[in-house]
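For reference, positions follow the sequence shown, starting with 1.
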Amino acid sequence: MALPNIVGPVPSSLVKAGTAALNVSTTAAETNPGRDAITISNMSTNILYVALGPTTESNGMATTSKFHFALKACSGNDDGTGGTVQVDDFTGKISVAGTSPSYTVVEFMVG
């Protein structure tokens, strides 16, 4: 069976990608009213903790005890076997925390 011919906007105008390596809680994605969905993948050998919006911590960021998602660790650094979460229809700030976290972020924009 042949795949359908898909016509639409140029993907690069609808996708914002980034990577990060860090050692403390940080913002993975700022508030973005144009975001349709976001995908975060853990690239570290430690669990990555993800919080949607502010937490009750004094800085409002994710911690290892204040989070919404805990993403599984990779078997080896950057091997792609870590946990991934996709969140649709959330345009608020997203923060992450963990022990030497490393992750990738892809935001899908409203077309």
Side-chain angles (χ1 to χ4, degrees):
M1 171 183 234
L3 294 176
N5 184 14
I6 299 173
V7 178
V10 177
S12 63
S13 67
L14 298 177
V15 176
K16 177 181 171 187
T19 60
L22 56 131
N23 294 311
V24 296
S25 295
T26 192
T27 300
E30 293 290 348
T31 297
N32 182 351
R35 181 188 311 137
D36 187 47
I38 190 165
T39 300
I40 300 174
S41 296
N42 188 3
M43 300 302 285
S44 173
T45 56
N46 298 299
I47 295 171
L48 182 70
Y49 300 92
V50 180
L52 304 179
T55 67
T56 57
E57 291 298 310
S58 60
N59 64 2
M61 304 289 273
T63 68
T64 58
S65 62
K66 304 280 171 98
F67 60 90
H68 295 103
F69 303 101
L71 303 184
K72 181 180 93 168
C74 289
S75 298
N77 279 326
D78 303 326
D79 70 4
T81 62
T84 297
V85 64
Q86 179 171 327
V87 180
D88 298 324
D89 302 319
F90 180 77
T91 60
K93 181 177 177 177
I94 300 172
S95 61
V96 297
T99 305
S100 301
S102 178
Y103 61 94
T104 62
V105 176
V106 179
E107 287 185 283
F108 299 91
M109 314 303 257
V110 175

Is there any salt bridge (charged side-chain N to carboxylate O under 4.0 Å, His left out) pair reaching into [range], and which pairs are they, with sequence neighbours excluded?
| range | answer |
| --- | --- |
| residues 56-82 | Glu57-Lys66 |
| residues 32-56 | Arg35-Glu107 |
| residues 91-102 | none |

Residues passing the side-chain contact (heavy atoms from CB on, under 4.5 Å) test with Asp88, sequence neighbours excluded, are Ala37, Gln86
For Thr64, the side-chain contact (heavy atoms from CB on, under 4.5 Å) test, sequence neighbours excluded, returns Tyr49
- Could you give the distance from OG1 (Thr81) to CG (Asn42), rounded to the nearest 0.5 Å?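 Thr81 atom OG1 to Asn42 atom CG measures 9.0 Å (nearest 0.5 Å).
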Hydrophobic cluster identity match, Val85 and Ile47, side-chain contacts under 4.5 Å:
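Different hydrophobic clusters.
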Look at the side-chain heavy atoms of Ile, Leu, Val, Met, Phe, Trp and Tyr, link any pair under 4.5 Å apart, and say whether Met43 and Val106 land in one connected group.
->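 As far as the 4.5 Å side-chain criterion goes, Val106 and Met43 are not connected within one cluster.
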Is any side-chain heavy atom of [X] closer than 4.5 Å to a side-chain heavy atom of [Y]?
| X | Y | answer |
| --- | --- | --- |
| Leu52 | Ile94 | yes |
| Tyr103 | Thr26 | yes |
| Val50 | His68 | no |
| Leu71 | Ile40 | yes |

| task | Compare every heavy atom of Ala62 with every heavy atom of Ala97, then report the nearest pair and how far apart it is. | result |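 Looking at all heavy atoms of both residues, the shortest contact is CB-O, 3.3 Å.
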Nearest heavy-atom approach of Gly80 to Cys74 is N-SG, 4.1 Å
Requested in this report: State whether the side chain of Thr55 and the backbone N or O of Met61 hold a donor-acceptor pair below 3.5 Å, judged by distance alone.
Outcome: yes
Practice item. Report the residue from Leu48, Thr63, Val105 that forms a side chain to side chain contact (heavy atoms under 4.5 Å, CB included) with Val96. Key: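 The residue from Leu48, Thr63, Val105 that satisfies side chain to side chain contact (heavy atoms under 4.5 Å, CB included) with Val96 turns out to be Leu48.
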Would you tell me whether Ser102 and Ser44 have side-chain atoms, one donor and one acceptor, within less than 3.5 Å of each other?
no
Here the ring pair (Phe, Tyr, Trp, His ring centres under 6.0 Å) pairs for residues 75-97, sequence neighbours left out, are none
